[in-house]
Amino acid sequence: MRYHNITKDDMLNGDGLRVVLWVAGCDHCCPECQNPVTWDPNGGLPFTDAERTEIFAELDKDYVSGITFSGGDPLHPANITEVTALAKEIKKKYPDKTIWLYTGFLWEEICREKITEYLDVCVDGEFEADKKELSLRWKGSSNQRVIDVPETLRQGKIVLHQ
């Protein structure tokens, strides 16, 4: 897996103060994407133990609410295995921290992926420029959904995060 950035003290990509891992690799290539530099799965830098340690140092802080995986697309074939393993490790070590994930895939396409067991919130769907609304919370276009993953898995139907 490769990544472009680790953002600390982020308040825009989920509830509370968060650390955000921006991975490299996205095949959705949405027009007017805010991060086209992250599309190339060979771009950015290799994700190593040093970056893992950096993320865990942030998550060790009481005031950090959790991690958000974004990009690029964390569920791109170049990322999904390592992002899933990292999410599992984080959920085990920090059960009270939340894990958010942004993906261009629809929930219906990914709901059987192993990673869903570790997610608290999934923002799904491609960014659609003609549905862009600056007033939306945690998403860029009105077609995207902010999904409460544990409740969605329990009920067997999509439940939106409140």
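Residues Val19 and Asp9 fail the side-chain proximity criterion, which asks for heavy atoms closer than 4.5 Å. No side-chain heavy atom of Val123 sits less than 4.5 Å from a side-chain heavy atom of Ile147. Between Val149 and Asp120, the closest side-chain pair of non-hydrogen atoms is not below 4.5 Å. Inter-residue side-chain proximity for Phe47 and Ile55 is flagged as met; some heavy-atom pair is nearer than 4.5 Å. Considering only heavy atoms from C-beta on, Val146 stays 4.5 Å or farther from Arg137 through its side chain. Leu86 places a side-chain heavy atom less than 4.5 Å from the side chain of Leu21. Between Tyr118 and Thr116, the closest side-chain pair of non-hydrogen atoms is not below 4.5 Å. Residues Val37 and His4 have side chains in contact (heavy-atom distance under 4.5 Å, counting atoms from C-beta outward).
Following chains of ILVMFWY side-chain contacts shorter than 4.5 Å, one can reach Ile110 starting from Val23, so the two form part of one hydrophobic cluster. One hydrophobic cluster holds both Leu153 and Leu119 under the rule that ILVMFWY side chains link at heavy-atom gaps under 4.5 Å. Hydrophobic clustering of Ile, Leu, Val, Met, Phe, Trp and Tyr side chains at less than 4.5 Å, counting indirect connections, keeps Trp39 apart from Leu101. No chain of hydrophobic side-chain contacts below 4.5 Å, direct or via other Ile, Leu, Val, Met, Phe, Trp or Tyr residues, connects Phe105 to Phe127. The same ILVMFWY cluster, assembled from side-chain heavy atoms under 4.5 Å apart, contains both Met11 and Leu59.
A side-chain donor from one of Asp60 and Tyr94 sits under 3.5 Å from a side-chain acceptor of the other. Side chains of Thr98 and Arg18: a donor-acceptor N/O pair is present below 3.5 angstrom, by distance only. Side-chain N/O atoms of Asp124 and Thr103 include no donor and acceptor closer than 3.5 Å. Judged by distance alone, the side chains of Glu51 and Thr48 do bring a donor and an acceptor atom under 3.5 Å apart.
At most 12 heavy atoms of other shown residues, nucleotides or ligands fall within 6.0 angstrom of atom NZ in Lys88. More than 12 heavy atoms of other residues, nucleotides or ligands sit less than 6.0 Å from atom NZ of Lys61.
Under the 3.5 Å distance criterion, the side-chain polar atoms of Asn35 are matched with a main-chain donor or acceptor of Gly71. Remark: the backbone N or O of Met1 is paired with a side-chain donor or acceptor of Glu82 at under 3.5 angstrom. For Thr68 (side chain) and Trp100 (main-chain N/O), no donor-acceptor pair under 3.5 Å exists by modelled atom type. In this structure, the side chain of Lys97 engages the main chain of Val64 through a donor-acceptor pair within 3.5 Å. Here the side chain of Ser141 pairs no donor or acceptor atom with the backbone of Lys132 at under 3.5 angstrom.
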What verdict does the salt bridge (Lys or Arg N to Asp or Glu O under 4.0 Å) test give for Glu108 and Lys157, after you've listed the backbone C-alpha separation in whole Å, the side-chain angles of each residue and the deciding distance to 0.1 Å? CA-CA 10 Å; Glu108 292 80 1; Lys157 65 178 184 178; over 6 Å; no

Side chain to side chain contact (heavy atoms under 4.5 Å, CB included), that's the test. Do Ile90 and Phe69 meet it? Break it down for me. CA-CA 12 Å; Ile90 290 168; Phe69 295 105; 4.2 Å; yes

Using side chain to side chain contact (heavy atoms under 4.5 Å, CB included), reason through His28 and Asp73 one step at a time and then give a plain yes or no. CA-CA 8 Å; His28 302 290; Asp73 195 321; 2.9 Å; yes

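Using a 4.0 Å cut-off between charged nitrogen and carboxylate oxygen, Glu54 and Lys8 count as a salt-bridge pair. By the 4.0 Å N-to-carboxylate-O rule, Glu89 lies too far from Lys92 to be salt-bridged with it. Salt bridge annotation for Arg52-Glu58: absent, with no cationic side-chain nitrogen under 4.0 angstrom from a carboxylate oxygen.
When every heavy atom of Pro46 is checked against every heavy atom of Tyr3, the shortest pair comes out as O-CE2, 3.5 Å. Contact between Gly43 and Ala24 at its shortest, heavy atoms only, is O-CB, 3.7 Å. Heavy atoms only, all atoms of each residue included: Ser65 and Gly16 are closest at OG-CA, 3.4 Å.
For the atom pair Asn5 CG and Trp22 CH2, the distance stands at 8.0 Å (nearest 0.5 Å). Here the CD-CG distance, from Glu126 to Asn143, works out to 8.5 Å after rounding to the nearest 0.5 Å.
Considering Thr152, Asp148, Asp15 as possible partners of His161, the one that fulfils the side chain to side chain donor-acceptor pair (under 3.5 Å) test is Asp15.
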